[in-house]
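Have a look at the structure below before the remarks.
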Amino acid sequence: MQKPSTYIGLGLFLAFTAFPLLLGIGYALLFSLGLTGILSEGFTLDHWRAVLGSARFWETMAFSIYVALVSIGLAAGLALLLVMRRPRTFENGPLSFFIYLPLAIPSIVMAFLIFQLLSKGGALSRLAYQLGLVDGLSQFPDWVNGQYGIGIITAHFFMALPFFLILYTQMYYHEELKGLMQQAFTLGATRRQANWRVAAPVLLRRSFATVVLYFLFVMGSYEIPLLLGSQSRQMVAVLTIQKLQRFNLGDIPQAYTISVVYSIIVIALVAGLLRKRK
Amino acid sequence: MNRKEQKSQIGWAAPAIIAVLLFPFVFLLMLSLGRRWAYPALLPGAWTLANWQAVWSMQAGLGESLFLSLALSLSITTVSTFGSFWVSKQVAYHRYRHRWLVLAYLPYVFAPVILAACLQYFFIRTGLSGKLEGVALAQFFITLPYGIIFFTSFWTERLLALEQLIATLGGNSWQAYTKVLLPVAKGPILTCFFQLFLISWFEYGLTALIGVGKVQTLTLKVFQYVNEANIFFAALASCLLVLPPIVLLWLNKRYVFSKVI
């Protein structure tokens with residue numbers, strides 16, 4: 001038999017974590033099915049048909065996945081390479097402190113920084129002009145608010161890279177990879193073989209859940225694509241909030257439909273990935 | 001490769017890496033002290049402390065935002081840290097702890113801003129929309145699960161045995177918490193406090209949506225200035241935003257981030 005404190009604790013846990021979530025998703029589902037809301041006229045699948053049949057929605061989902069894949073792939077990949085080649089770089093000395101500094105930058109500030117650096121009137125464009133590489137603003141490439149999300153990817157990359165460098169540096173020592181590498185060398189492995197057959201699989205396997213969570217964090221990010229994205233190609237959170245805040249009330253059920261579909265896709269993605277891992 | 005060899009190999013690169021890592025902060029500081037940054041000049045045309053002096057002027061409202069953000073984050077963090085410490089114990093010792101924990105991850109998986117969008121109706125109906133209490137409650141929905149995830153690994157069999165020993169020796173629950181569990185958990189509590197502070201301090205989407213722009217935290221100020229194309233004040237608000245986390249880092253990076261992974 002459980003103690004009363006256990007019931008109170010679990011009750012509080014449910015009240016402040018699962019309940020708001022179920023309430024929100026439940027309301028979004030009802031709204032998307034026309035069962036609630038100012039303009040509701042009873043059960044309908046029209047909003048679901050409109051969202052699932054719209055190329056814009058699927059393009060938004062694909063764009064969100066693309067941004068998350070490229071930024072996290074590049075950041076985690078580069079961090080893995082750097083830590084395998086120089087595992088001690090960020091472990092001791094001043095770098096072990098300075099590598100934490102970028103974690104003090106919130107998304108909105110990172111977006112502002114990238115805008116000031118990469119936009120047509122930004123610092124890099126000015127530098128290119130001073131070096132004689134371009135003759136004016138118009139010649140500088142469209143890195144911010146462009147179709148390929150270069151600004152968004154750059155911002156996420158610079159936020160994720162220090163995080164993965166710290167993560168892999170700590171894992172390298174927690175997993176006692178140094179000893180494992182020594183064993184591999186004793187058994188005749190080259191440094192390259194020891195890196196790719198011993199260190200990389202251990203680090204990748206151990207960091208899998210974190211990488212998946214970070215991937216989802218980027219996929220659902222809001223501030224960075226809001227400032228650095230384009231109007232024609234949006235990420236899912238930006239599209240949802242924009243539809244929700246438009247003056248056209250007909251867009252609101254679609255915003256809720258997108259929220260529900262996104263939730264289902266994310267749950268399926270996480271369940272699939274975690275099952276595959278097992 | 002021995003340690004000395006490796007150190008010499010990265011020795012030349014270390015200052016360059018440090019310069020790259022410091023660049024964003026120097027750049028923000030430069031913009032916050034600047035005026036008239038016309039293209040194609042590399043540096044602002046004029047330098048002034050007027051922007052920083054305006055922090056406390058009522059017109060800019062930055063000082064007010066700073067105070068509001070600090071009060072909001074500190075109170076949310078305090079409640080969430082101690083709340084999640086106690087709740088996590090009940091979750092950690094439950095036989096279905098893994099199932100419960102999956103629920104704690106969900107607010108992060110769904111993206112806080114989408115969660116806020118789905119909950120906005122209820123905040124409007126309860127009169128909490130656009131109010132500080134509403135924003136605090138919404139932030140509580142994301143900080144509490146994080147704290148629970150964080151503390152669950154703290155509650156081990158050893159601690160349970162320790163608690164049982166206290167009971168055997170005649171100690172009550174209050175004594176167990178005040179004399180043993182809280183002192184033992186001092187390090188993790190500090191770490192969790194700092195991390196939850198950062199989550200609340202950095203929050204933008206959820207705060208903007210539930211606060212409908214009326215609860216002007218510093219993150220909202222940055223966005224407002226960016227929208228107004230006032231890059232100097234946006235940089236100034238950004239400096240104020242990154243300052244507390246840097247101070248926390250300066251105090252002790254071990255406490256702030258060591259358990260983030």
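Just so we're on the same page: letters track the sequence lines, and every chain starts at 1.
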Quiz prompt | Under 4.5 Å from any heavy atom of chain B - which part of A:Leu137 | solution = both
Quiz item: Do you know which of A:Phe98, A:Tyr262, A:Phe31 has the most heavy-atom pairs under 4.5 Å to chain B?
Solution: A:Phe98
Quiz item: Nearest 0.5 Å, what's the OG-CE distance between B:Ser238 and A:Met110?
Solution: 11.0 Å
Exercise. Side chain from CB out, backbone as N, CA, C, O: work out which of these in B:Ile246 comes under 4.5 Å of a heavy atom of chain A, or both, or neither.
Key: both
Quiz item: Checking A:Gln245 against chain B: side chain, backbone, both or neither under 4.5 Å from a heavy atom?
Solution: side chain
Exercise. With rounding to the nearest 0.5 Å, note down the distance linking CD1 in B:Ile18 to CZ in A:Phe97.
Key: 10.5 Å
Quiz item: Contact part of B:Ile231 toward chain A, heavy-atom cut-off under 4.5 Å: side chain, backbone, both or neither?
Solution: both
Quiz item: Taking all non-hydrogen atoms of both residues, which atom of B:Ile114 and which atom of A:Ala237 are closest, and how far apart?
Solution: CD1-CA, 4.3 Å
Self-check item: Crowding at CZ, A:Phe158 (>12 non-hydrogen neighbours, <6.0 Å)
Solution: no
Quiz prompt | Contacting moiety of A:Ala123, where chain B heavy atoms sit under 4.5 Å | solution = both
Quiz item: Which distance, rounded to the nearest 0.5 Å, do you find between the CD of A:Gln116 and the CG of B:Leu28?
Solution: 9.5 Å
Exercise. Decide if atom CZ of A:Phe185 counts as having more than 12 heavy atoms of other residues, nucleotides or ligands within a radius under 6.0 Å.
Key: yes
Quiz prompt | Donor-acceptor pair, side chain of A:Arg126 and main chain of B:Ala41, under 3.5 angstrom | solution = yes
Exercise. Determine the option with the most heavy-atom pairs under 4.5 angstrom with chain A, choosing from B:Leu144, B:Ile142, B:Leu106, B:Leu243.
Key: B:Leu106
Self-check item: B:Trp100 side chain near A:Leu14 side chain, heavy-atom distance below 4.5 Å
Solution: yes
Exercise. Taking all heavy atoms of A:Ala18 and all of B:Leu103, pick out the closest pair and write down the distance.
Key: CB-CD1, 4.0 Å
Quiz item: Do you know which of B:Val222, B:Leu42, B:Leu22 has the most heavy-atom pairs under 4.5 Å to chain A?
Solution: B:Leu42
Quiz item: So which part of A:Phe217 gets closer than 4.5 Å to some heavy atom of chain B, the side chain, the backbone, both or neither?
Solution: neither
Practice problem: Could you have a look at A:Gly220, A:Pro102, A:Pro20, A:Pro94 and say which one has the most heavy-atom pairs with chain B under 4.5 angstrom? | Solution: A:Pro20
Exercise. Just do the side-chain contact (heavy atoms from CB on, under 4.5 Å) check on A:Leu21 and B:Leu119 with the steps written out, would you?
Key: CA-CA 8 Å; A:Leu21 204 80; B:Leu119 285 174; over 6 Å; no
Practice problem: Heavy-atom distances under 4.5 Å only: say whether B:Ala235 touches chain A with side chain, backbone, both or neither. | Solution: both
Quiz item: If you tally heavy-atom pairs under 4.5 Å against chain B, which of A:Phe115, A:Phe19, A:Tyr129 wins?
Solution: A:Tyr129
Quiz item: Side chain, backbone, both or neither: which part of A:Lys120 has a heavy atom under 4.5 Å from chain B?
Solution: backbone
Quiz item: So B:Tyr121 and A:Tyr27, would you call those rings parallel, tilted or perpendicular, with 30° and 60° as cut-offs?
Solution: parallel
Exercise. State whether a side-chain donor-acceptor pair under 3.5 Å links A:Ser125 with B:Tyr39.
Key: yes
Practice problem: Select, from B:Lys89, B:Gln90, B:Glu203, the one with the greatest count of heavy-atom pairs under 4.5 Å involving chain A. | Solution: B:Gln90
Quiz item: Which bit of B:Tyr204 is near chain A, if near means a heavy-atom gap under 4.5 Å: side chain, backbone, both or neither?
Solution: both
Exercise. Compute the ring centroids of B:Tyr225 and A:Phe112, then answer whether they are less than 6.0 Å apart.
Key: no
Quiz item: Using a cut-off of under 4.5 Å for heavy-atom pairs, which of A:Val236, A:Leu10, A:Ile267 has the most such pairs with chain B?
Solution: A:Leu10
Practice problem: Decide if atom CZ of B:Phe232 counts as having more than 12 heavy atoms of other residues, nucleotides or ligands within a radius under 6.0 Å. | Solution: yes
Quiz item: Quick one: what part of B:Val113 sits under 4.5 Å from any heavy atom of chain A, side chain, backbone, both or neither?
Solution: both
Practice problem: Under 4.5 Å heavy-atom distance to chain B, tell me which part of A:Leu244 shows up: side chain, backbone, both or neither. | Solution: side chain
Self-check item: Pick from B:Trp201, B:Tyr105, B:Phe25 with the largest number of heavy-atom pairs that fall under 4.5 Å of chain A
Solution: B:Phe25
Quiz item: What part of B:Phe141 is in contact with chain A, defined as an atom under 4.5 angstrom from a non-hydrogen atom: side chain, backbone, both or neither?
Solution: both
Practice problem: State, to 0.1 Å, how close B:Phe202 and A:Ala104 come at their nearest heavy-atom pair, and which atoms those are. | Solution: CZ-O, 3.5 Å
Self-check item: B:Trp86 versus A:Ser5, closest heavy-atom pair with distance
Solution: CH2-O, 3.5 Å
Quiz item: Relative to chain A, which segment of B:Phe23 carries a heavy atom at a distance below 4.5 Å: side chain, backbone, both, or neither?
Solution: side chain
Self-check item: Interface residue of largest heavy-atom contact number with chain B, from A:Leu23, A:Leu216, A:Ile25, A:Leu12, under 4.5 Å
Solution: A:Leu23
Exercise. Find the distance between CG (B:Asn227) and CG (A:Leu227) and round it off to the nearest 0.5 Å.
Key: 7.5 Å
Exercise. Take A:Leu113 and B:Phe27, measure what side-chain contact (heavy atoms from CB on, under 4.5 Å) needs, and give me the verdict at the end.
Key: CA-CA 8 Å; A:Leu113 266 169; B:Phe27 187 70; 3.5 Å; yes
Exercise. Provide the closest heavy-atom pair for B:Cys118 versus A:Gly24 in the form atom of the first, atom of the second, distance.
Key: CB-O, 3.4 Å
Practice problem: Identify which part of B:Ala38 has an atom lying under 4.5 Å from any heavy atom of chain A, answering side chain, backbone, both or neither. | Solution: backbone
Self-check item: Spacing of B:Leu241 atom CG and A:Ile108 atom CD1 [to the nearest 0.5 Å]
Solution: 8.5 Å
Self-check item: Working for side-chain contact (heavy atoms from CB on, under 4.5 Å), residues A:Leu226 and B:Phe223
Solution: CA-CA 10 Å; A:Leu226 186 67; B:Phe223 193 75; 3.3 Å; yes
Quiz prompt | Closest contact, heavy atoms only, A:Ile105 versus B:Val242 | solution = CA-CG1, 4.1 Å
